[in-house]
Number of protein chains: 2
Amino acid sequence: MSAGGGRVRIYDVAHLAGVSVATASKALNDTGRMTDETRAKVKAAATQLGFRPNAMARGLIQRRSFTIGLLTNDTYGRFTLPVMAGISEALVDQGVSVFLCGVDDDPALGKLHLDAMLDKQVDGIIASGKRVDRKLPVDLSNLPVPVVYAFTEGHEGSVTLVSDDAQGSTEAVEHLKRLGRKRIVHVTGPESFASVRERAAAYRAAVGGEGIVLHGEWSEHWGHAAVDLLWTAEGARPDAIFCGNDQIGRGVVDALRERGVGVPEDVAVVGFDNWDIVASQTRPPMTSVDMNLKAIGREAGRLVLELAEGRAVEPGIRKLPCSLVVRQSCGGSAAVTHRRGGVEATVE
Amino acid sequence: MSAGGGRVRIYDVAHLAGVSVATASKALNDTGRMTDETRAKVKAAATQLGFRPNAMARGLIQRRSFTIGLLTNDTYGRFTLPVMAGISEALVDQGVSVFLCGVDDDPALGKLHLDAMLDKQVDGIIASGKRVDRKLPVDLSNLPVPVVYAFTEGHEGSVTLVSDDAQGSTEAVEHLKRLGRKRIVHVTGPESFASVRERAAAYRAAVGGEGIVLHGEWSEHWGHAAVDLLWTAEGARPDAIFCGNDQIGRGVVDALRERGVGVPEDVAVVGFDNWDIVASQTRPPMTSVDMNLKAIGREAGRLVLELAEGRAVEPGIRKLPCSLVVRQSCGGSAAVTHRRGGVEATVE
DNA sequence: TCCTCCCGAGAAACCGTTTTCTCAATGCAG
DNA sequence: CTGCATTGAGAAAACGGTTTCTCGGGAGGA
């Protein structure tokens, strides 16, 4: 109520209500035994004074800070921010706030942040990154608080959340097949990435054969180059390109347009990541696989809280489903007429 | 040292060192009076046990949480993340951690996060946003803790940090002039943005006349459209385009290429924001004005700490300089030959 | 030698809650 | 009418540190 929200103590509430501090505390927390009348009186006093308990004092005795830490090496925030949004969404109602710590790939910085968080008695830690198959530069095993990994590699016996790359990949290919596309190629990132391998494998399974998988870097430039490669090669040309991320997708769409190849009339394109700034700015806007990072964040928040409150959580890797966001780069649901017979060369 | 970093209390340190808790505390904090020998003995014991003080207990008495909150409505993180990185960088050495709270434009959510932070006794709050001339959906005046605004509009008498749009704009235009460009036009965002007006005014001053300013939306599409407009209009064509942000810049570069206009040979292009993912991916990579958001963050962190520690800070708006990041869209430093005489039409 | 002053170190109060323990009053059964 | 269980509420101990206060002892001056 009054301006200085931080000043009024439970002592003031107790005094106004005419009870002891102990009773006031119990009244406000709905614990202990007392008349309904007393409880109501205290609550009224608290409201009137705008009382908000000091979380440090409370936390000291409850051994609970209502605070969790998010440690990440994804300084650009491409992956971490949606995850963070999900975590926050899951926890803010429980009064839990989140420390965000960007540690780059610097072990010393990681330790610094980690120690600062532990000193502050965080109830748990969520580790996140920019790559599923890499670890953070700081060891989080044997911490005195629970840890959940989201979108980064965890330690032995940890709880880890990732997106289901295979399922997302399958969904994309099935979508293209449903639209009548026959010769679908996959242009993706470096094979050293686990997610690349997983997506490619699912792609192969979905096209029901070897398919064509082209590996390159995660850039628009590679998207261009891949199209050049495909269009200067001999044999049948693809009528659909499934890209390993949206930047490659953008390069592909641009290259196709520059070649006079119609998207989606001649070639359908699907991207991966659903990075809005990229996917929605291509011409035409690009259909893309969304990894539902926010959902991963929500789940991570929920799980770390479970652990913090002492409930057991089954360890292991949990894969959360991706979903396809349809834009205009694949054409309408009307089946597309196809032309030549399929020749499935293998480039890899 | 031992695994459970959180368990060892100052009591244990004191006991091991053979002194009282009070002495131990003073020894570790380099306060109070005692023999160097005693101090060293305590410190050794602390190190040996891996003692780290419980921040809640310490904070309770010191009325200091070594925690600050960052409130933002920039859910996409384009502006907030660099600011956050700067804040963190400035504060982590002092042991200060940062709560990140994304509040969208929802006043209720804002209040929820704000209350949670105040309960946790944050030492200060930094407000940030996606637009300099808009306020957050939550009132931060009359808070019991200091507030600093970074890249968002503050309240009366507050401390506010923004980038110096005019200076950045001037720098861009001077760069183009230095390279021999004569007919520089400005393609930018909606006039309703204060930063747009400021940048445009500086542009006009720098070109030394009315210049040409085209307003549109903040999109690649508008970049394309603007080029169409300029190239179908009568009269002399520009030999340089200064864009209001990188997305417009990207649209401009793409449109020019599609028209067969050489960048930078025929037309030089400069963007604004230096959003790496956009600026470095254009062909050719685009020179752009960087707002040095990280520096703004660092300064915000420094200032909020000053205030938190009771030192006075002059209120008002502080503008931090932008800097030009040169890539390849303006050509080398060699002067470019110019062709026609200048006709400076005004479109606006 | 005695008094004063200062130094090193410990005892205790304190920060703002929660929680356990204690206790008087009430109600009910015998 | 007495004894016992139950109830409502307060006193006090915790939580883990910091800070103020106190105090004994040694050094130095008279």
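Protein chains get the first letters and strands the later ones, always in sequence-line order, with residue 1 at the start of each. Side chains included, hydrogens not; waters and symmetry mates left out as well; all remaining heavy atoms used. Keep in mind that what you see is a predicted model, and the values were worked out from it rather than measured.
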Check the distance between [N]'s [atom2] and [X]'s [atom1] and give it to me in whole angstrom.
X: A:Tyr11; N: D:dG10; atom1: OH; atom2: C1'; value: 14 Å
X: B:Asn29; N: D:dG17; atom1: CG; atom2: C1'; value: 9 Å
X: B:Ile10; N: C:dC14; atom1: CD1; atom2: P; value: 20 Å
X: A:Phe51; N: C:dT17; atom1: CZ; atom2: P; value: 4 Å
X: A:Leu60; N: C:dC15; atom1: CG; atom2: C1'; value: 9 Å
X: A:Met34; N: C:dC23; atom1: CE; atom2: P; value: 20 Å
X: B:Arg33; N: D:dC21; atom1: CZ; atom2: C1'; value: 11 Å

With a 4.0 Å cut-off on N to O distance, would you call [X] and [Y] a salt bridge?
X: A:Lys130; Y: A:Asp105; value: yes
X: B:Asp36; Y: B:Arg39; value: no
X: A:Glu153; Y: A:Arg134; value: no
X: A:Asp74; Y: A:Arg78; value: no

Does any N or O donor sit under 3.5 Å from an N or O acceptor when you compare the side chain of B:Arg9 with the base of D:dG16?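 In this structure, the two groups form no donor-acceptor pair.
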Using only heavy-atom distances, decide whether a donor-acceptor pair under 3.5 angstrom links the side-chain of B:Lys26 to the base of D:dG17.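 For B:Lys26, whose side chain was compared with the base of D:dG17, there is no donor-acceptor pair (under 3.5 Å).
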What does A:Val19 touch in the nucleic acid at a heavy-atom separation under 4.0 angstrom: a base, only the sugar-phosphate, or nothing?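 Touches sugar-phosphate only.
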When we call it a touch if two heavy atoms are under 4.0 Å apart, what does B:Arg58 touch: a base, just sugar-phosphate, or nothing?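 Answer is sugar-phosphate: B:Arg58 comes under 4.0 Å of backbone atoms only.
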Any [X] side-chain nitrogen or oxygen under 4.0 Å from OP1 or OP2 of [N]:
X: A:Arg64; N: D:dC15; value: no
X: A:Thr35; N: D:dG8; value: no
X: B:Ser20; N: C:dA9; value: no

Is the B:Phe99 ring parallel, tilted or perpendicular to the A:Phe99 ring (thresholds 30°, 60°)?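 Parallel, since the angle between the ring planes stays under 30°.
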Minimum-distance nucleotide to [X] side chain [options: [options]]:
X: A:Ala22; options: D:dG17, C:dT19, C:dG16; result: C:dT19
X: A:Val21; options: D:dG17, C:dG10, C:dT18; result: C:dT18
X: B:Gln62; options: D:dT18, C:dA9, D:dG8; result: D:dT18
X: A:Ser25; options: C:dT19, C:dC7, D:dG16; result: C:dT19
X: B:Ile61; options: D:dT18, C:dG10, D:dC15; result: D:dT18

With each end axis built from five pairs of C1' atoms, what bend angle do you get for the helix from C:dT1-D:dA30 to C:dG30-D:dC1? Round to 10°.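 Answer for the end axes of this duplex: 60°.
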Minimum heavy-atom separation for B:Pro321 and B:Asn292, please, with both atom names.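 Heavy-atom minimum between the residues: O-ND2, 2.9 Å.
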Looking at B:Ala90 and B:Arg302, what are the two nearest heavy atoms and their distance?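 B:Ala90 and B:Arg302 have their closest heavy atoms at CB-N, 4.5 Å.
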Tell me which residues in residues 36-45 of chain A put a heavy atom below 4.0 Å from DNA chain C, sorted by number, or none.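 Contacting residues: none.
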Distance, nearest 0.5 Å, that separates CZ of A:Arg58 from CG of A:Asn54: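 The CG atom of A:Asn54 is 9.5 Å from CZ of A:Arg58, to the nearest 0.5 Å.
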Between A:Lys120 and B:Ser97, is the side chain to side chain donor-acceptor pair (under 3.5 Å) condition met? List the steps. CA-CA 9 Å; A:Lys120 278 156 197 145; B:Ser97 305; 2.8 Å; yes
Starting at the 5' end of DNA chain D and moving along, which residue's nearest nucleotide shows up first, B:Thr31 or B:Ala57?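 Mapping each residue to its closest nucleotide by heavy atoms, the 5'-most match is B:Ala57.
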